Amino acid sequence: MQITLPDGSVKSYDRSVTALDVARDIGPRLAEAAIGAKVNDQLWDINRPLPGDCKLAIITRPRLEKDGKTKGEHNPDALYLLRHSTAHVMAEAIQRLYPAAKLAYGPPLENGFYYDISLEAPISSEDFPKIEAEMAKIIAENRQFIRYELPTPDGMKRVATEGNKYKIDNAKRAVDGGAATLSWYVTGEPRRIRKASGEEFFFITAGPVTSTNTFCVPTSALQGSVLDVSKKQEHVSGDFVDQEAPHWQWEDLCMGPHVPNTGVIGAFKVTSVASSHWHGNVDSDRFQRVYGTAFFSKADLDAHLNQLDEAKQRDHRVIGQKLGLFVIDEMVGQGLVLWKPRGGMVRTLLQEFLQRELLHRGYDMVFTPHIGKIDLYKTSGHYPYYAEAQFPPIKMRDHVGGTGGDEEYILKPMNCPHHIRIYASDPHSYRDLPVRLAEFGTVYRFEQSGELSGMTRVRGFTQDDAHIFCTQDQVKHEFRATVELVQFVFDVFGFKDVSIRLSLRDPASDKYTGAPELWDQAERELREVLQEMKVSYTEAKGEAAFYGPKTDFIVKDVIGRKWQLGTVQLDYNLPERFKIEYIGADNKPHRPVMIHRAPFGSMERFMAILIEHYAGAFPLWLSPEQVRVLPISEKFTAYGQKVTQALSDAGFRVRLDESGDRVQAKIKVAQDLKVNYMLVVGGKDEAAQAVSIRCRTRGDLGAVPIQAFVDKAKNELATNGRDLVGL
RNA sequence: GCCACCUUAGCUCAGUGGUAGAGCGAUGCUUUCGUAAAGCAUAGGUCGUGGGUUCAAAUCCCACAGGUGGCCCCA
């Protein structure tokens, strides 16, 4: 057997070996730290015989710093194994506490793991300590994870015997996916029984012993952590001279792999419980989804929990409240955002910034109303396709005209139909194209109540929307220009962790409108442009808009949820539905192509992410309050007013703190509000006609003449923050 | 929409069946102060809403509303 190690060296064996055997041959310290392996880039149990010639990398537990934290970066593979194993430990603990619990599915996650479990009574956070205590016992017992495999017919029989329909389903899926065997992991060495003849057997049982869920194998069948069950017997007869008392033994149908034993789990926590559904289907069985996380050390866990706490402080809902940026008022309605003056200032600045950029890039601004007649949306396809996501129609009767008919309007769920009608209001020559119509257009969607969340998911929001009408020849150029616009915008705000998703239709679904050939063409063109631009992206089937494929820009919020911000969508369908035209060089009518695009996505969601991105500390150009003047006592209020006026005249957003507080208190207040610069003014400053600058991050920067501060601050704006005041 | 949990002063929160509390904020007075909270005083609450149990409910039960975490959804 030829084993190729990561450094390229090769080890040869003429016998079956496990990754641990190889690790031992390399060095005792490696073997000591080894908890798993990667075999041909696939995770593998450290004690499982290697499959033959292969590439092998040993996964070790991390080295710890003096303070107990992992040295350097966490190894995702090591954490994966650890958390997958901890999920088993938690499931066992829950089954011990609630014997009726049926397990469904328990994968590791980026920051932890969960297990979907069917329980008779729901559990709550009050039950966590009990579960954690039970887990701690299992970990203290330092039990081995032992793997055994059964050929699929035998394996299916075994899951059927256990009678857990979810596991039966998991097994069926594995078999349908081509698995030749099914594997189980036993937590802990099984009970041993010994016959008078000296033969020793493991007595394998799933959960509490019954007549049907047990079998026996000779103890010699345990090699490494793998139990060879090819010689299993349902019953062993004869005289037993030594028999361990029946004890609880736990196993789970599982692909693995796992860490070698439960003792590897250094620190863990059950973090939350929520509900989920079998196969994600609402009409199907409901599970308790119990979340937890695990680390190799207590210090790592504490650091992680601290980080979560800090993230909570960065949450836009928390900061929005603290800084007075926005409020969502019960009396106004769910999911309807009220932008308070400070938030409104930021939004105005965002709009000014983008609008300047759009005008520069050949867009025209338009305005359209918030409602439209229902036929408009029937033509566009919104109404029949997404009726349940819209506010119900407003019925109007024409009393004055007496025509007697009812007219129905809906709050617009999208701006495109209105923009299409603007396009259609004039004849167009190919010479006019592309036509780029932009609007900060407010739309209303009746999102499910359970989905609403701060400013990231709301029922009324304003898209920084635009629709580009162009010829087929112009599509790729225009599409590329819009993607570049989105990239430009994200760059201005310093968003680094952005993923690009090419959202395609799911050919199996019937929720899309338009001919498949047009979809294929649009999807092909988007893909080509992204490839030409050499941007990395992932493709997501089924994520397209109902009228066309799109390129979405996804960012994460502070608690790790992913949100789509910018989007660029290619659309052959709406021009067709509205039968819009332009006259080509051949003097014949042609159908233009539409591109929908929104760099921010919506003002609300963008603002939410921006608040979290900056932790509320907006850069000078975006700050609702750039400067606050702080007289050291009320005696200097008059001079403070003079300074405030000078700054205001110079175009800055500035306030004077006229309270009777001491300057320390004024600073505290201004710091908490994340004001960029505080100007402390007292007798010395007045005498010199100066201001003492304090920066919210860099503290006291010393005194300068008023005009000098104005110039420095203007320079900071002009250089987009590269030249900071005080440097 | 579904499941679980939560809702007490403007904000953050304590209060597990027996007369509603704290800190911050607000207001007033004193202090007139040089870089992250001066001192004192006062006001502010039918404890989300409605119903029920009880001699007695912020506290227990039910319904509704809103929020949070998930699920489903997401043009």
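Model, not experiment: these values are computed from the prediction. Reminder, nothing fancy here: chain letters follow the sequence lines and each chain counts from 1.
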Of the nucleotides [options], which one has an atom closest to the side chain of [X]?
X: R662(A); options: rU35(B), rA38(B), rG70(B); result: rA38(B)
X: E634(A); options: rC73(B), rU31(B), rC11(B); result: rU31(B)
X: S124(A); options: rC2(B), rA36(B), rC5(B); result: rC5(B)
X: S449(A); options: rG67(B), rG1(B), rC3(B); result: rG1(B)
X: R286(A); options: rG34(B), rA37(B), rC2(B); result: rC2(B)
X: R317(A); options: rG69(B), rC5(B), rU35(B); result: rG69(B)
X: I667(A); options: rG34(B), rU35(B), rC33(B); result: rU35(B)
X: Q448(A); options: rC71(B), rC73(B), rU35(B); result: rC73(B)
X: K684(A); options: rG70(B), rC11(B), rG34(B); result: rG34(B)
X: Q664(A); options: rG70(B), rA38(B), rU32(B); result: rA38(B)

Side chain [X] and base [N] donor-acceptor under 3.5 Å:
X: S692(A); N: rG34(B); answer: yes
X: R289(A); N: rA4(B); answer: no
X: R457(A); N: rC73(B); answer: yes

Item to check | Salt bridge flag under 4.0 Å for residues K668(A) and D661(A) | outcome: no

Checklist entry - Less than 4.0 Å between a side-chain N and a carboxylate O, is that true for K642(A) and E686(A)? => result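 Result for this pair is no, no salt bridge flagged.
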
Next on the checklist: If we ignore hydrogens and angles and just use 3.5 Å, is the side chain of K666(A) paired with the main-chain N or O of P631(A) as donor and acceptor?
Outcome noted: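 A pair under 3.5 Å: yes.
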
Item to check | Base-pair map of RNA chain B as dot-bracket, where | denotes pairing with a different strand and pairs are Watson-Crick or G-U under 3.5 Å | outcome: (((((((..((((....[..)))).(((((.......))))).....(((((..]....))))))))))))....

Next on the checklist: So, OP1 or OP2 of rC33(B): does either fall under 4.0 Å of a side-chain N or O from K635(A)?
Outcome noted: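 So the side chain of K635(A) is within the cut-off, an N or O lying under 4.0 Å from OP1 or OP2 of rC33(B).
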
Item to check | Distance test, side-chain N/O of R696(A) to OP1/OP2 of rU35(B), below 4.0 Å | outcome: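 R696(A) to rU35(B) OP1/OP2: no side-chain N or O under 4.0 Å.
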
Checklist entry - What is the nucleic acid contact for E543(A), judged by heavy atoms within less than 4.0 Å: base, sugar-phosphate only, or nothing? => result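 If one applies the 4.0 Å heavy-atom cut-off, E543(A) turns out to touch nothing in the nucleic acid.
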
Item to check | Between H382(A) and Q390(A): side-chain donor-acceptor atoms closer than 3.5 Å | outcome: no

Checklist entry - Is L630(A) close to R694(A) at the side-chain level, that is, under 4.5 Å between some pair of heavy atoms? => result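 Side-chain contact under 4.5 Å: no.
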
